[in-house]
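Convention: sequence-line order gives letters A, B, ...; per-chain numbering from 1. Keep in mind it's a predicted model, so treat the numbers as computed, not measured.
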Amino acid sequence: MFNNRTRIKALLAMEPANQEITVMGWVRTFRNNQFIALNDGSTNNNLQVVVELGLLDDATLKRITTGASLKITGELVASLGKGQTVELKAKSLEVLGDSDAEAYPLQPKKHSLEFLREKAHLRFRTNTFGAVFRVRHSLAFAIHQFFHQKGFVYLHTPIITASDAEGAGEMFRVTTLPMDGTAPRNEDGSINYKEDFFGKSTNLTVSGQLEGELGAMAFSEIYTFGPTFRAENSNTTRHLAEFWMIEPEMAFYDIEDNMNLAEEFIKFIIRFAMDHNRDDLEFLAQRLAEEEKALPQDKRSELGLIEKLEFVLNNAFERITYTEAIDILLNSPAYKKKKFQYEVKWGIDLQSEHERYLVEKHFKKPVIVTNYPAAIKAFYMRLNDGCEEGKQTVAAMDILAPGIGEIVGGSQREERLENLLKRMEEFHIPAAEMDWYLDTRRFGTVPHAGFGLGFERMVQFVTGMTNIRDVIAFARTPKNCEF
RNA sequence: UCCUCAGUAGCUCAGUUGGUUAGAGCAUCUGACUGUUAAUCAGAGGGUCACUGGUUCAAGUCCAGUCUGAGGAGCCA
């Protein structure tokens, strides 16, 4: 019977009245042969367990090492020491699992994030990663709550897909054919995928959007929240080969409705984490402030983590069109001083340096950029009517966040069959393979819109972690698939 | 994939213009102490200087290649 234990989070909130309590957890540090800092993951705060002299024999005392798991029964009393209000006076202590102090990699000291990335199987046991993953959980939970209360249907779109028309990046191939050169061939020497498991060439999904649109054409509003795979050789602090994405898709929404939903959504989940993970966020804020002390003045954040999140909650996102964004860049001191590496003119895709300037220097808050040139955006985005000759735009919207860059990419979808077919032709997408998708425009098409939010980027934004590999349990990146 | 930087003890790092036996703090182990807060004090052990090759009387240090990591860029969420 193990479930009579009290979780440390609950215990720390109790009034001490010499009540008998059983706790279980892992030793963070054992001081003075007398004070155990015990953590069970329910909170970042450790419980101080006091082991009085003579309670345990020397052999047992020696087994209380960093990382060991313990079951302790004792009395909850007001603490005599300064660092905590309550502590557990042990009456009995059982070592559930030993932890060889010489072999256990985590020491009661500060470790680098790079080192902990290599010990990802143990890093949940540190303060920083404990906080990050509790916040990650809260954000995930809040996402379901937000959409559920709005009547959205959670749709599980497929992980394996035969569609390669999304154009959202390089894909991972899924096959059961042998890789030793003996796979069946066509007459022209190419691989014969008719012999493969699904009878065609298949991949891991890069987006659930197209399937999501099918759902929206029946339920009115759906969202997906699942893993997404991109085989890009990206080595950055904001890319993963396997990441989680939230993709709401709404019938009877235009681009304006889409932006309103995205902004409300982001604020809701941040608010949820602020309300439910205050301790964790305060710890992370402190960690970040400590980290930034080492940076030169101009590289430090103007606001602390909590202040940044509060600022986002209390201010409307800036909304500008792509054309306005270009004008701002062209009139910026940075442009006039030739600080930009890449050319700025109408028609370019905004580079990281441009997005950063808009978000971090000019507006200093999240910015929604809309109405991008049609030439640089996906085929399914709705063509805007009445555009100037040579300046055709689409009803796209990207939300740019300080420090992260693009956190949301979305659009109103092209619901007019003729326009969609024309765009697919321009993008060399074979309409025959997309017949199922085109049926939504043939049978009861409606104005609709949606967006994709990169979950890990959102977790980065809320926790202040600068490397995306530190906000997912076991990161998959080029040349790295441990655990 | 491109650019830049880095790889020395379990961890974080120092190591001079190439020159004897490669150092520190923390961790670990042993002992002391016992109301500590990353406890403290004393002592001890711990190294294929990423790997391969080259230059040299002599390489942790110089050169070339490879691998790994970090930051930035591109691709994007």
Side-chain angles (χ1 to χ4, degrees), chain A residues 28-37 45-54 58 61-62 65-67 77 79-84 87 89 99-119 126-127 166-170 206-209 225-247 262 295 299 341-342 349-356 376-378 398-401 404-410 451-461 466-472 477-480 482:
Chain A
R28 285 292 174 81
T29 166
F30 184 31
R31 288 184 292 268
N32 221 351
N33 253 359
Q34 197 179 175
F35 302 101
I36 302 168
N45 302 312
N46 297 327
L47 169 67
Q48 168 150 293
V49 177
V50 183
V51 181
E52 294 195 321
L53 282 173
D58 280 2
L61 278 174
K62 284 220 183 308
T65 56
T66 303
V77 297
S79 179
L80 297 174
K82 284 200 175 118
Q84 57 284 316
E87 62 191 20
K89 207 168 118 187
S99 173
D100 180 355
E102 272 189 275
Y104 188 61
L106 302 183
Q107 301 160 5
K109 61 172 266 188
K110 190 171 157 53
H111 286 293
S112 68
L113 295 174
E114 288 86 356
F115 172 72
L116 292 171
R117 233 167 264 157
E118 290 173 15
K119 310 283 176 212
T126 64
N127 288 330
E166 287 135 6
E170 291 297 308
V206 294
S207 164
Q209 181 201 316
F225 185 178
T228 308
F229 307 88
R230 305 262 168 98
E232 302 287 350
N233 193 3
S234 297
N235 292 287
T236 77
T237 53
R238 57 192 187 280
H239 288 87
L240 292 165
E242 177 184 285
F243 64 99
W244 290 66
M245 188 154 64
I246 297 98
E247 295 180 288
L295 297 175
K299 292 264 174 87
Q341 203 186 328
Y342 289 85
D349 208 351
L350 295 179
Q351 302 293 320
S352 283
E353 57 178 359
H354 304 143
E355 296 181 348
R356 293 186 78 116
I376 59 170
K377 287 291 182 182
D398 284 359
I399 302 185
L400 311 176
I404 313 284
E406 186 179 340
I407 198 163
V408 162
F451 61 86
L453 176 131
F455 185 52
E456 281 76 17
R457 289 186 183 174
M458 192 68 219
V459 181
Q460 274 187 281
F461 184 75
T466 50
N467 192 316
I468 200 166
R469 291 160 215 183
D470 295 330
V471 299
I472 190 164
T477 52
K479 302 272 181 282
N480 183 358
E482 289 299 307

Check: [X] side chain, [Y] main-chain N or O, donor-acceptor pair, under 3.5 Å:
X: A:R230; Y: A:V206; result: yes
X: A:E353; Y: A:Y342; result: yes
X: A:N32; Y: A:Q34; result: no
X: A:R238; Y: A:E456; result: no
X: A:E87; Y: A:Q48; result: no

Would you mind reading off the distance between [X] atom [atom1] and [N] atom [atom2], rounded to a whole angstrom?
X: A:Q84; N: B:U37; atom1: CD; atom2: P; answer: 11 Å
X: A:N33; N: B:G35; atom1: CG; atom2: C1'; answer: 13 Å
X: A:H111; N: B:A27; atom1: NE2; atom2: C1'; answer: 8 Å
X: A:E102; N: B:G45; atom1: CD; atom2: C1'; answer: 9 Å
X: A:Q107; N: B:C13; atom1: CD; atom2: P; answer: 14 Å
X: A:F115; N: B:U68; atom1: CZ; atom2: C1'; answer: 16 Å
X: A:N480; N: B:A70; atom1: CG; atom2: P; answer: 8 Å
X: A:L113; N: B:U12; atom1: CG; atom2: P; answer: 11 Å

Where the side chain of [X] is defined as all heavy atoms beyond and including C-beta, which of [options] is the nearest nucleotide?
X: A:Q351; options: B:A73, B:A38, B:C11; result: B:A73
X: A:Q34; options: B:G35, B:U12, B:C75; result: B:G35
X: A:R469; options: B:C76, B:A73, B:A70; result: B:A70
X: A:N32; options: B:G10, B:C75, B:A39; result: B:A39
X: A:S79; options: B:U12, B:U36, B:C29; result: B:U36
X: A:K109; options: B:C29, B:G10, B:U36; result: B:G10

Between [N] and [M], how far is it from one [atom1] atom to the other, in whole Å?
N: B:U56; M: B:A44; atom1: P; answer: 43 Å
N: B:U68; M: B:A58; atom1: C1'; answer: 30 Å
N: B:U12; M: B:C57; atom1: P; answer: 38 Å
N: B:G18; M: B:A59; atom1: P; answer: 13 Å
N: B:G23; M: B:U55; atom1: P; answer: 30 Å
N: B:U37; M: B:U30; atom1: C1'; answer: 25 Å
N: B:C26; M: B:A9; atom1: C1'; answer: 12 Å
N: B:G43; M: B:C5; atom1: C1'; answer: 40 Å

Pairs under 3.5 Å (Watson-Crick or G-U), crossing ones as [ ], inter-strand ones as |: RNA chain B comes out as (((((((..((((.....[...)))).(((((.......))))).....(((((..]....))))))))))))....
It should be established whether [X] places a side-chain nitrogen or oxygen under 4.0 Å from OP1 or OP2 of nucleotide [N].
X: A:S112; N: B:C11; result: no
X: A:R117; N: B:A70; result: yes
X: A:S352; N: B:G72; result: no
X: A:R31; N: B:A39; result: yes

Notebook entry, point to check: Can you find a pair of side-chain heavy atoms, one from A:F30 and one from A:P108, that are under 4.5 Å apart?
Noted result: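 Contact flag for A:F30/A:P108 side chains = no.
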request  = Could you check if a side-chain atom of A:M245 sits within less than 4.5 angstrom of a side-chain atom of A:F455, using non-hydrogen atoms only?
outcome  =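 Side-chain contact under 4.5 Å: no.
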Sugar-phosphate, base or nothing in reach of [X], heavy atoms under 4.0 Å:
X: A:I407; value: sugar-phosphate
X: A:T237; value: sugar-phosphate
X: A:E247; value: nothing
X: A:F461; value: nothing
X: A:I404; value: nothing

Please evaluate residues A:K377 and A:D349 with respect to the criterion salt bridge (charged side-chain N to carboxylate O under 4.0 Å, His left out), reporting the C-alpha separation (whole Å), side-chain torsions for both, the decisive distance (0.1 Å), and the verdict. CA-CA 9 Å; A:K377 287 291 182 182; A:D349 208 351; 5.4 Å; no
Considering only heavy atoms and no angle criterion, is a donor-acceptor pair shorter than 3.5 Å present between the side chain of [X] and the base of [N]?
X: A:E52; N: B:G35; value: no
X: A:Q48; N: B:U36; value: yes
X: A:S234; N: B:C75; value: yes
X: A:N235; N: B:U1; value: yes

Contact nearer the 5' end of RNA chain B, comparing A:P478 with A:H239: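 Between the two, 5'-proximity favours A:P478.
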**Asked** Which comes earlier along RNA chain B counting from the 5' end, the contact point of A:K479 or that of A:N467, where each point is its nearest nucleotide?
**Response**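 Looking at the nearest nucleotide for each, A:K479 comes out on the 5' side.
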Pair A:T66-A:Q107, side-chain donor/acceptor within less than 3.5 Å: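 The criterion, which ignores hydrogens and geometry beyond distance, is not satisfied for A:Q107 and A:T66.
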- Using distance alone, with no hydrogens and no angle criterion, decide if A:R28 and A:N127 have a side-chain donor and acceptor under 3.5 Å apart.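 A pair is found: one side chain offers a donor N or O, the other an acceptor, under 3.5 Å apart.
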